[in-house]
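Some notes on the structure that comes next.
Quick note: numbers below take in every heavy atom, side chains included, and nothing from hydrogens, waters or symmetry partners.
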Amino acid sequence: MVRRALAAVGWWLRDHAGPVVLLLLLLPAAVLTTLRLTDATWGPAVRLTSFVPYALPVYAAALVVAGIGHARWRTRLRLVPVVLAAAGLAAHGWWVAPYWLGPNPPAPGGAEPIVVVTSNLFGGEGDALGLVELASAEQADLLVVNEVTGPALRRMRAAGLADVLPYSVGRPEADPTVGTMVFSRVPLSEAVRLDTPLASYQVDVGGPGGLTLLAVHPSAPTDAADWRRDHRTVRRAAVRSDADLVVGDLNATLDHTPLRRLVDAGYRDAVELANAGFQPTWPENGLFGPLRFLPALVAIDHVLVGEDLAARSARTVALGGTDHRAVVAELARK
């Protein structure tokens with residue numbers, strides 16, 4: 001009896017393996033497509049939206065399986081999965097293509113570079129010395145640090161931070177996840193605190209004729225309502241101040257509706273604008289314990305630039321002790 005049942009299952013799987021594999025590919029990919037096309041308000045759905053780019057290879061695999069099956073399956077509906085897979089592949093290809101393709105208006109010849117570095121120090125646990133060395137090696141003009149603590153700040157100063165970036169605004173906070181600071185090669189105005197629980201600031205860099213920077217850290221989408229509220233606060237501040245830069249751990253990817261609305265308001269991600277490819281920033285350095293060998297998966301740290309700035313290059317850099325990769329962007333005025 002058991003042998004017959006196992007044999008029957010085996011025969012069924014042999015005859016239906018293609019449709020089963022196709023279903024296992026198309027269902028999760030379709031979920032990600034739906035999330036990209038909608039404005040999710042449920043926390044787990046918001047977090048899952050971060051993985052939208054990974055539907056592209058899944059649709060590609062589904063198209064291969066559907067193409068093979070089209071020649072073998074004896075049903076009038078065999079063209080449907082081919083069309084679905086091809087449509088999904090085209091849509092996601094369109095969404096990720098700007099990471100590699102698209103216009104990047106160059107800066108005028110001889111324009112001075114503006115190097116911006118941003119990093120989340122993971123509650124002060126990140127490599128403060130390594131971050132100072134990175135800022136120095138890149139000749140950074142601006143450094144935006146999220147989750148900076150008192151001990152981390154002291155380590156950065158002991159490493160010679162003031163020799164590289166002598167001006168600063170912001171401060172460490174009692175909660176190690178809250179503190180945000182901006183360090184600069186040129187003088188900064190007094191900072192204006194934005195209304196986000198994790199510290200975000202508006203600051204002018206270099207006096208009149210300089211840059212307006214928003215150094216931000218919206219809430220994580222563990223609470224979707226707080227997350228959406230913080231993004232509205234950031235977007236309104238950017239539009240109101242005509243900010244040149246929005247920089248930091250935004251806890252959102254370019255597939256999230258709130259960040260796409262910021263893009264619609266005139267802000268572009270330097271990584272995308274420089275055609276630097278898909279460069280995830282989180283989670284890094286073993287956040288998931290046994291899965292620490294995995295690379296960063298989602299791009300939630302950003303250097304967003306206004307319409308008066310060009311992006312010459314952008315890349316991410318691993319730092320010890322933190323679950324975020326730093327972002328380094330070389331910009332210039334148009």
Judged by modelled atom types alone, do Thr212 and Asp204 share a side-chain donor-acceptor pair under 3.5 Å? yes
Is it true that Leu304 and Val96 fall in one hydrophobic cluster, defined by side-chain heavy atoms closer than 4.5 Å? yes
For Leu37, which of Thr33, Asp39, Leu35 qualifies under side chain to side chain contact (heavy atoms under 4.5 Å, CB included)? Thr33
Quick check against the 3.5 Å criterion: does Ser184 have a side-chain atom that pairs as donor or acceptor with the backbone of Pro187? no
Check whether the side chains of Arg325 and Thr281 place a donor and an acceptor atom closer than 3.5 Å, and report yes or no. no
OG1 (Thr253) and CZ (Arg47) are apart, to the nearest 0.5 Å, by 14.0 Å
Salt-bridge present (Arg193, Glu173; N to O < 4.0 Å): yes
Say whether, by atom type as modelled, one donor and one acceptor occur between the side chain of Arg315 and the main chain of Gln279 under 3.5 angstrom. no
Can you classify the ring geometry of His92 versus Tyr59 as parallel (below 30°), tilted (30 to 60°) or perpendicular (above 60°)? tilted
Side chain to side chain contact (heavy atoms under 4.5 Å, CB included) with Val145: of Thr118, Leu121, Val117, only one passes, and it is Leu121
Assess whether a salt bridge exists between Asp308 and Lys334, defined as any Lys/Arg side-chain N lying under 4.0 Å from an Asp/Glu carboxylate O. no
side-chain contact (heavy atoms from CB on, under 4.5 Å) for Val83 and Val80? Distances and angles first, verdict last. CA-CA 5 Å; Val83 172; Val80 172; 5.9 Å; no
Any donor-acceptor N/O pair, Arg260 side chain to Leu254 backbone, under 3.5 Å: no
Is the backbone N or O of Ala111 less than 3.5 Å from a side-chain atom of Arg333, with the two atoms forming a donor-acceptor pair by type? no
Could you tell me which non-hydrogen atom of Leu165 sits nearest to which non-hydrogen atom of Leu142, and how far apart they are? CD2-N, 4.4 Å
Measure the NE2-OG distance between His217 and Ser200 for me, rounded to the nearest 0.5 Å. 8.0 Å
Under 3.5 Å, is there a donor-acceptor pair between the side chain of Asn104 and the main chain of Ala311? yes
Note, Gln139 side chain near Val115 side chain (heavy atom, < 4.5 Å): no
Are Arg235 and Asp230 close enough for a salt bridge, meaning some N to O gap below 4.0 Å? no
For atom CZ of Arg171, is the number of surrounding heavy atoms from other residues, nucleotides or ligands below 6.0 Å larger than 12? no
For the residue pair Phe51 and Tyr54, categorise the inter-ring angle as parallel (less than 30°), tilted (30 to 60°) or perpendicular (more than 60°). tilted
Hey, are the side chains of Pro218 and Thr196 touching, using non-hydrogen atoms and a 4.5 Å cut-off? no
Please tell me whether Leu319 and Leu161 are part of a single hydrophobic cluster in this structure, the criterion being side-chain heavy atoms less than 4.5 Å apart. yes
Between Asp301 and Asn120, is a side-chain contact (heavy atoms from CB on, under 4.5 Å) present by the stated rule, with each step listed? CA-CA 8 Å; Asp301 300 86; Asn120 181 313; 4.3 Å; yes
Cluster companions of Val239 among Ile, Leu, Val, Met, Phe, Trp, Tyr (side-chain spacing under 4.5 Å): none
Once the angle between the rings of Trp282 and His324 is folded into 0 to 90°, is it parallel (under 30°), tilted (30 to 60°) or perpendicular (over 60°)? tilted
Should Tyr267 and Leu250 be regarded as members of a common hydrophobic cluster, given that ILVMFWY residues are connected when their side-chain heavy atoms come within less than 4.5 Å of each other, either directly or indirectly? yes
Between Trp227 (side chain) and Asn251 (backbone), is there a donor-acceptor pair under 3.5 Å? yes
Is it true that a side-chain atom of Ser50 and a backbone atom of Val298 form a donor plus acceptor pair closer than 3.5 Å? no
Hydrophobic clusters here meaning ILVMFWY residues chained together by side-chain heavy-atom distances under 4.5 Å, can you tell me if Val169 and Val116 are in one? yes
Tell me whether Asn275 contacts the main-chain N or O of Leu101 through its side chain, where contact means a donor paired with an acceptor under 3.5 Å. yes
Just verifying a value: how many Å separate Asp244 CG and Glu307 CD, rounded to the nearest 0.5 Å? 10.5 Å
So, Asn146 and Thr180: side-chain donor and acceptor under 3.5 Å apart, yes or no? yes
Do the side chains of Asp226 and Arg229 get close enough for a salt bridge, i.e. N-O under 4.0 angstrom? yes
Could you tell me whether the side chain of His256 and the main chain of Arg36 form a donor-acceptor pair under 3.5 Å? no
CG of Asp195 to CZ of Arg236, rounded to nearest 0.5 Å, is 10.5 Å
Measure from the side-chain N and O atoms of Thr34 to the backbone N and O of Ala30, and report whether any donor-acceptor pair falls under 3.5 Å. yes
Are Val216 and Val263 connected into the same hydrophobic cluster when the rule is that any two of I, L, V, M, F, W, Y join if their side-chain heavy atoms are below 4.5 Å apart? yes
